[in-house]
Protein chains: 2
Amino acid sequence: MPRRSTKRYHHGDLRKALVEGALRLLETRSPAELSLRSVARLAGVSPNAPYRHFESKDALLAAVAEEGFRRLATVTAAAKGPPRKRLAQMGAAYVRFATENPRLYGLMFGPVLSGWERYEGLVAAGDASFAVVVEAVAAATNTDPKRASRDAILAWSAVHGYAMLAIDGHLGSCPAKELPPPEELVRIIDTR
Amino acid sequence: MPRRSTKRYHHGDLRKALVEGALRLLETRSPAELSLRSVARLAGVSPNAPYRHFESKDALLAAVAEEGFRRLATVTAAAKGPPRKRLAQMGAAYVRFATENPRLYGLMFGPVLSGWERYEGLVAAGDASFAVVVEAVAAATNTDPKRASRDAILAWSAVHGYAMLAIDGHLGSCPAKELPPPEELVRIIDTR
DNA sequence: ACCTGAACACCGTTCAAGT
DNA sequence: ACCTGAACACCGTTCAAGT
């Protein structure tokens, strides 16, 4: 019969606890401050216990970023309305996700995780979140797939750039009233 | 009469040597790999010699990023032609700078340098580089200054986002032929 | 199978001391 | 005024050992 004490030698689901702990730390601490040891401490395990579940710190960060892409895809896919309006709403939802989770978003796209190509789960989650944008752009412009893909890159660039500038505080000096609303970002695919 | 030996106790212009050394290291090493100690080693001084010239590692990185913004402003300001074409050229030159100096660009905008607002030289250089864009947008659209400023943010977002996606390799899976040329980014301010 | 403890090479930073 | 040397607390990672 298993001991029910709160401090057991075996954690139970340490992998999940580490990812969730890292996500919690990212709510208040910058990626640079997020050390593998601090995540282990938060989970109540020794400094190298994570190595039973992740081959390196980067592998843990990849799992965290992957969860970030899943959340982002959920948020953007939830945009409703007729195609043109839905796209604008999606852009706004995207920017909102980024500004509400600035450090997570920075981890997902920033130079913190350099070798992200090596983590296939992360690549798949990133592709899936991009697919949501491509689909919405295609629906809003009803053009051929190739053109839709190019337009999606333009739209994604605009939204991503706006989000990054906002997160890094480069838009902070402007009074909010003079900022273009994120919905305007889709103007990039308006002319044809 | 000063000793002409190559290894003198006093460096001469260590500050400049550190900034240039860091820029050199950024040509091949990621910002995460760029340690203060490695910059000191490259300059041939002890690990803490930099502290006579910079109060912290962040202060050195700020000086490096500042030089990056000066170079970026030089590159974008060099765009020629009639206003509309000049703006498109400027966008392309901007993206070229970012992709040719990916790690420097990442340092300038990424989350590596968290407290950049505290370095006024850096803020001034960043503002100056943005002013180039605002001026070009205003000339291309000849509208009121407030509108031009908002449009400049849109254009900057698109170009910045495209550059970031390209640097991080998120555009790498697309065949180059299907990528939108950077000149198209200015379409974001085309409709009115 | 999963975790701990001690150790290694590194890092940013500080302080006393050298020239 | 500018730099060195030794030290501190931290980090990612490894290896042997514990349960």
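Here is the naming used below: chain letters follow the sequence lines, and residue numbers restart at 1 for every chain.
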**OP:** Dot-bracket notation for DNA chain C is requested: 5' to 3', Watson-Crick or G-U wobble pairs only, both distances under 3.5 Å, with ( ), [ ], | and . as defined.
**Re:** ||.|||||...|||||.||

Original post:
Looking at residues 50-60 of chain A, who's got a heavy atom less than 4.0 Å off DNA chain C?
Top reply: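 Close to the strand are Arg52(A), His53(A).
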
Separation of atom [atom1] in [X] from atom [atom2] in [N], rounded to whole Å:
X        : N       : atom1 : atom2 : value
Arg15(A) : dC3(C)  : CZ    : C1'   : 17 Å
Leu14(B) : dA1(D)  : CG    : C1'   : 13 Å
Leu61(B) : dC11(C) : CG    : C1'   : 14 Å
Glu33(A) : dG12(C) : CD    : C1'   : 14 Å

Original post:
So, is Ser35(B) close to the dC11(C) phosphate, meaning a side-chain N or O under 4.0 Å from OP1 or OP2?
Top reply: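 Answer is yes, contact under 4.0 Å.
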
Look at the side chain of [X] and decide which nucleotide, out of [options], has an atom nearest to it.
X        : options                  : value
Leu36(B) : dT4(D), dC3(D), dT13(C)  : dT13(C)
Ala49(A) : dT4(D), dT4(C), dC11(C)  : dT4(C)
Arg37(A) : dC11(C), dG12(D), dT4(C) : dG12(D)

**OP:** Indicate the atoms forming the closest heavy-atom contact of Gly81(A) with Arg86(A), along with that distance.
**Re:**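 Minimum heavy-atom contact is O-CB, 3.7 Å.
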
Original post:
Which heavy atom of Leu18(B) sits nearest a heavy atom of Val39(B), and at what distance?
Top reply: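 Shortest heavy-atom separation between Leu18(B) and Val39(B) comes out as O-CG1, 3.5 Å.
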
Original post:
Per the ring pair (Phe, Tyr, Trp, His ring centres under 6.0 Å) rule, which among Phe69(A), Phe130(A), Trp116(A) passes with Phe109(A)?
Top reply: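 The passing option is Phe69(A).
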
With side chains defined as the heavy atoms from C-beta onward, is the minimum distance between [X] and [Y] less than 4.5 Å?
X         : Y         : value
Thr99(B)  : Tyr105(B) : no
Leu60(B)  : Pro50(B)  : no
Ser157(A) : His170(B) : no

Subject >> Ion pair Arg70(A)/Glu66(A), N-O distance below 4.0 Å >> reply: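 A salt bridge links Arg70(A) with Glu66(A).
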
Original post:
Less than 4.0 Å between a side-chain N and a carboxylate O, is that true for Glu67(B) and Arg71(B)?
Top reply: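 Counted as a salt bridge, because a side-chain N and a carboxylate O are separated by less than 4.0 Å.
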
**OP:** Apply side-chain contact (heavy atoms from CB on, under 4.5 Å) to the pair Leu72(B) and Tyr94(B), showing each step before the final yes or no.
**Re:** CA-CA 7 Å; Leu72(B) 176 59; Tyr94(B) 188 106; 3.7 Å; yes

